[in-house]
Amino acid sequence: MDSKTMQFERTSSGEGVKHFCVWSSPEGGQKIDIGKQIFCNRSLNMKNIVAVGFDMDYTLAQYKPDTFESLAYEGTVKKLVNDLGYPTELLEWSFDWTYMVRGLVLDKKRGNILKMDRHKYVKVAYHGFTELSKEDKVAAYGSRLIRDAFDEPDYALIDTLFSLAEAYLFAQLVDFKDNNPGKIPADYSRMYKDVRAAVDLCHRDGTLKKMVANDPKRYINEDSSIVPMLKMLRDSGRATFLVTNSLWDYSNIVMNFLCGPGAGDDSSALNFDWLKYFDVVITGSAKPGFFHDENHANLFQVDPESGMLINTDNGTPMPQVDTSLRLPLKSLEKTSQVFQGGNVGHLHKLLSIESSSQVLYVGDHIYGDILRSKKVLGWRTMLVVPELEKEVELLWTLRDTRKQLQLLRNERDHVEDKIHHLHWSLRFDGVNDVNKEEVLAELDKLQSQQEFARLSHQKAQRECHLKIPQGMGTADEDWLSELPLCTSGGTICLPLYEPSVEFEPLFTG
């Protein structure tokens, strides 16, 4: 929730004084927009939760796609040209962050980007920025006895917001290679490998994080509701923790911007006041490996002021060989302890967690955060999907239209069922001539109704489709399953769903 939906003004009786209240206050809150709500696909009794944890990047810290993703894209292009010898024409390219969303699959060998349904059936395929015809799509992905697993090493999942820029750049390189023979001698697989190498170079030399650290306000969305949320959780008696793959220096800058006393003010001096909102902070966690208790990564305690590490034994500082090198332990007296590395076993001991089901973890990476922690540990999980906000609002706006589509589909199915029943009666029931004429007459009548029902249903589908921003799909009967990869006007592709099913958005794991 953002500050507009979290806070509202309440006028005190008799005084006319306005006070700001938060949703968790005894006075209550106001109605929350549908796109900001939390949805659950399994009941969760919060009385059983003793600790609530958060990822940082793209969970608490929501990066601005128009600045942060463009920064990652520009850095990758420069590495390709300057370090890997790609043509200088690449420096003139730009990144359209509205073009694609997570959930796509990249075919490294063929240079294609795929949109599949839950059964791994390829619904839409693009070669670069050109959509494949149905025949080419079937020839590539639907003509073999055993289907591809669509997994490494031949495929790559676009499953994080960080990967959108590299996927877009790969599509640009595919088009450039096809239209300029000889300019890029590498094949499609090699191009993707080079893009990944360039991305890694950007992260390894700290290019991206240095830019964000210098001006967090430019790259991270301000959110004044984070601190009230953390206070509410802690006031309820629950422990809170932060587990991030980012190292301490960068994590401190981001969390200070989000939760420090000068939150949102990039000119404020760095401090450690935000640590009071967490019982344990683990940086450099190396998720998803962190979620495996057999992972024998060492746990180090971090001295917040110096950033230096103290070797520990499950959170307890170990005696040093050279006592003169021992760091001052004044940080240990604080309510929050900062660590680096380790595994989930260390975290459970630090928080005195007796059962994995007592933990609720909030993250943005469906594989690295949610599935691993859910399947390996049994944690309760919540998935943050910011790009679904507009989609949920759109689905809610069209709920009456979709209910009407459901009624029309039911009517059409009912008529077609009667027609099939009469056809089978003529073939197998041995009706006499008189009855046969009556059946044929009824068939003619039903076929007229069928055509009317079909046309009415298609017309309603087209009308519904026109309410969706252009560029999001086709107007045929199966328009919901034929949505293209690209969008226009800043819109986002809808997820695959059945229009005849009552709207039940599912966010949590």
Side-chain angles (χ1 to χ4, degrees), residues 57-58 62-84 86-116 122-132 150 155-180 183-184 186-203 207-208 211 219 364-365 385-387 390 469 471-472 483-495:
D57 296 315
Y58 281 113
Q62 291 293 326
Y63 294 94
K64 300 178 180 179
D66 53 334
T67 56
F68 182 78
E69 297 300 338
S70 296
L71 177 66
Y73 172 88
E74 292 167 2
T76 303
V77 168
K78 290 178 181 178
K79 297 293 184 185
L80 283 174
V81 174
N82 299 331
D83 298 344
L84 299 177
Y86 275 70
T88 56
E89 289 93 325
L90 275 65
L91 297 174
E92 302 174 2
W93 293 357
S94 60
F95 172 52
D96 180 5
W97 61 273
T98 67
Y99 183 78
M100 61 180 66
V101 294
R102 288 186 288 177
L104 306 175
V105 176
L106 190 148
D107 185 341
K108 302 177 188 178
K109 283 187 174 181
R110 300 183 179 92
N112 298 340
I113 300 179
L114 316 175
K115 183 171 186 178
M116 299 185 296
V122 178
K123 307 296 291 186
V124 183
Y126 276 69
H127 181 75
F129 294 103
T130 304
E131 183 177 4
L132 296 183
F150 297 104
Y155 298 89
L157 299 179
I158 307 174
D159 55 2
T160 69
L161 291 171
F162 285 111
S163 60
L164 294 181
E166 63 189 64
Y168 187 85
L169 177 56
F170 178 73
Q172 287 180 301
L173 288 171
V174 169
D175 273 4
F176 184 83
K177 175 179 174 63
D178 293 345
N179 297 327
N180 300 273
K183 285 246 178 175
I184 301 181
D187 59 16
Y188 300 131
S189 293
R190 181 66 198 184
M191 285 197 308
Y192 178 78
K193 187 175 181 180
D194 289 343
V195 170
R196 282 296 315 144
V199 171
D200 290 340
L201 283 173
C202 289
H203 286 284
T207 300
L208 300 180
M211 295 292 290
Y219 300 103
D364 73 289
H365 195 305
V385 193
E387 62 265 43
K390 294 181 181 179
M472 297 183 69
L483 296 176
L485 305 176
C486 58
T487 64
S488 62
T491 55
I492 303 176
C493 287
L494 286 169

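When a residue number appears, it is its place in the shown sequence, counting from 1.
Contact annotation: the side chain of W97 never approaches that of Y73 to less than 4.5 Å [non-hydrogen atoms, C-beta and beyond]. Counting only heavy atoms from C-beta outward, the side chains of F129 and Q172 approach each other to under 4.5 Å. In this structure, the side chains of Y219 and K64 stay at 4.5 Å or more apart for every pair of heavy atoms. Counting heavy atoms from C-beta outward, V124 and L114 have side chains that stay 4.5 Å or more apart. Counting heavy atoms from C-beta on, the side chains of Y58 and F68 come closer than 4.5 Å.
To the nearest 0.5 angstrom, N82 atom CG is 10.5 Å from L90 atom CG. S94 contributes atom OG, which lies 6.0 Å from atom OH of Y168 (distance to the nearest 0.5 angstrom). Atoms CG and CG, from N180 and L173 in turn, are 11.0 Å apart once rounded to the nearest 0.5 Å. For the atom pair D96 CG and M100 CE, the distance stands at 9.0 Å (nearest 0.5 Å). Note that NZ of K79 is 15.5 Å distant from OH of Y86, once rounded to the nearest 0.5 Å. Atom-to-atom distance recorded for R196:CZ and F170:CZ is 12.5 Å, nearest 0.5 angstrom.
Nearest approach of G128 to D175, heavy atoms of both residues: CA-OD1, 3.5 Å. Shortest non-hydrogen contact noted between A167 and I113 is O-CD1, 4.0 Å. The nearest pair of heavy atoms linking K183 to P87 is O-CG, 3.7 Å. Here the closest heavy-atom approach between residue A125 and residue V122 is recorded as CB-CG1, 4.2 Å.
For the pair K108 (side chain) and K193 (backbone), a donor-acceptor distance under 3.5 Å is absent. Between the side chain of E74 and the backbone N or O of F95 there is no donor-acceptor pair closer than 3.5 Å. Proximity of a side-chain donor or acceptor of H127 to a complementary backbone N or O of L132 within less than 3.5 Å is not detected.
Of the N and O atoms on the side chains of Y188 and D178, at least one donor lies less than 3.5 Å from an acceptor on the other residue.
Partner of D194 under the side chain to side chain contact (heavy atoms under 4.5 Å, CB included) criterion, out of L84, V199, T76: L84 alone.
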In sequence, state the C-alpha distance, the side-chain angles, and the governing distance for D57 and D364, and then conclude on side-chain contact (heavy atoms from CB on, under 4.5 Å).
CA-CA 8 Å; D57 296 315; D364 73 289; 5.7 Å; no
Y192/K109 under side-chain contact (heavy atoms from CB on, under 4.5 Å): CA gap, chis, key distance, verdict:
CA-CA 9 Å; Y192 178 78; K109 283 187 174 181; over 6 Å; no
Check step by step if side-chain contact (heavy atoms from CB on, under 4.5 Å) holds for V105 and I158.
CA-CA 6 Å; V105 176; I158 307 174; over 6 Å; no
